[in-house]
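Below, read A as the first sequence line, B as the second, and so on, with proteins coming before strands; counting in each chain starts at 1. Bear in mind that the values here come from a model prediction, so they are computed numbers and not experimental data.
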Protein chains: 2
Amino acid sequence: MSRRRTLQFDAVRDVVQRACDHPNADQILARVRERVASVSVGTVYRNLEKLAADGEIHILQIHGRQARYDGMIAAHDHFVCDGCGTVSDLLPAQPGRLTHPALAEVGYDIRAHTQTFFGLCPECKTGARA
Amino acid sequence: MSRRRTLQFDAVRDVVQRACDHPNADQILARVRERVASVSVGTVYRNLEKLAADGEIHILQIHGRQARYDGMIAAHDHFVCDGCGTVSDLLPAQPGRLTHPALAEVGYDIRAHTQTFFGLCPECKTGARA
DNA sequence: TTTTTTGCAAACCATTTGCAATTAG
DNA sequence: CTAATTGCAAATGGTTTGCAAAAAA
């Protein structure tokens, strides 16, 4: 079960960690192939899964059925532009989460905002599962 | 292009708007069939799409590739329990968005939090597309 | 009648998986 | 040597689509 060092694994990790555009699996495959021409789709997905399991990357479900991958694991938010379609990282200068008004002040036209929390609900917290 | 009133459309809308568990398409199909036994998968998806286009419901991409549907359109956040797996609405009593500490105080054990903003970035705001 | 909507089944497409061959340790 | 990883190709599974028949307007 131990993790083995392979050219493919290292390439996938490096591509995701260097990317600043939240690429999807296809884009990652293409970039990895620039270095290791023979990698297959399955290998890319398997390695992305491993990296996510190890907490080295995050899988983003922005919209639609195609996942995007994020190499930045520090807590941060995202902005999806309806104009150019890019997904960008929002890094608060001050500790704490960004707010709608704070972004408006920096020039963003925020039209929607969704927030999702993950964890244990009050019932599960005091009950069975960990 | 005008919208026609059909049994199927009304049933889909009613099922989603009455649901408080953020059902997926399969669950909605099952519930709609309790009233209109003959509805097909395609019809359900087409009507969900229309409702979302009209802003009557929201499509949620919580995790994985299976969408969930939300009949509550007022601004609110979501909590996904790692224990029981339920997705619940978080409705702030006071205007404004819920925060991590606020939820902790009410008994939630928050382990992750993601925030996504949609709109126009500063460049697109002052540029071409509306 | 005219146009939208339906049901069915096939198509799509991102992701997953089985398996034999490779390869890291 | 032996267990993990790969490439390939086939399978999955949620969602979409083409089309002729049914139903609104």
Quick one: which of C/dA14, D/dG14, C/dG18 gets closest to the side chain of B/Tyr45? D/dG14
Is a donor-acceptor contact shorter than 3.5 angstrom present between the side chain of A/Arg46 and the base of C/dG18? yes
Start at the 5' end of DNA chain D and walk down; is the nucleotide closest to B/Thr43 or to A/Thr6 reached first? A/Thr6
Tell me whether the side-chain N or O atoms of B/Arg4 pair up with the base of C/dT3 as donor and acceptor below 3.5 Å, since no angle test is needed here. yes
Under 30°, 30 to 60°, or over 60°: which ring-plane class applies to B/His100 and B/His113, parallel, tilted or perpendicular? perpendicular
Separation of C/dT15 atom C1' from A/Glu49 atom CD, nearest Å, is 10 Å
Between B/Gly42 and B/Arg5, which residue's closest nucleotide on DNA chain C lies nearer the 5′ terminus? B/Arg5
Please determine if a side-chain N or O atom of B/Gln8 lies less than 4.0 Å away from the OP1 or OP2 oxygen of D/dA23. no
Between C/dT6 (P) and B/Arg3 (CZ): distance, integer Å: 10 Å
How long is the line joining CZ of A/Phe9 and P of D/dG7, in whole Å? 14 Å
Looking only at N and O atoms, is any donor in the side chain of A/Arg65 or the base of D/dG13 less than 3.5 Å from an acceptor on the other one? no
Between D/dG14 atom P and B/Arg68 atom CZ, what is the distance in whole Å? 13 Å
Is any side-chain N of the basic residue among B/Arg68 and B/Asp21 closer than 4.0 Å to the acidic one's carboxylate O? no
For the aromatic rings, using the six-membered ring if either is Trp, is the centroid distance between B/Phe79 and B/Tyr108 under 6.0 Å? yes
How many whole angstroms separate atom NE2 of A/His63 from atom C1' of C/dA14? 15 Å
Under 4.0 Å between a side-chain N or O of A/Lys50 and OP1 or OP2 of D/dA4? no
Round to a whole Å and report the spacing from CG of B/Asp10 to C1' of C/dT5. 13 Å
Please report the distance, rounded to the nearest Å, between CG in B/Leu48 and C1' in C/dT5. 15 Å
For B/Asn47, report the nucleic acid contact type (base, sugar-phosphate, nothing); a contact means any heavy atom under 4.0 Å. sugar-phosphate
A/Val87 backbone acceptor or donor facing A/His22 side chain under 3.5 Å: yes
I need the CG-P distance between A/Leu29 and C/dT16, as an integer number of Å. 14 Å
Test your reading of the model: is there a side-chain donor-acceptor pair from B/Gln27 to the backbone of B/Asn24, 3.5 Å cut-off? yes
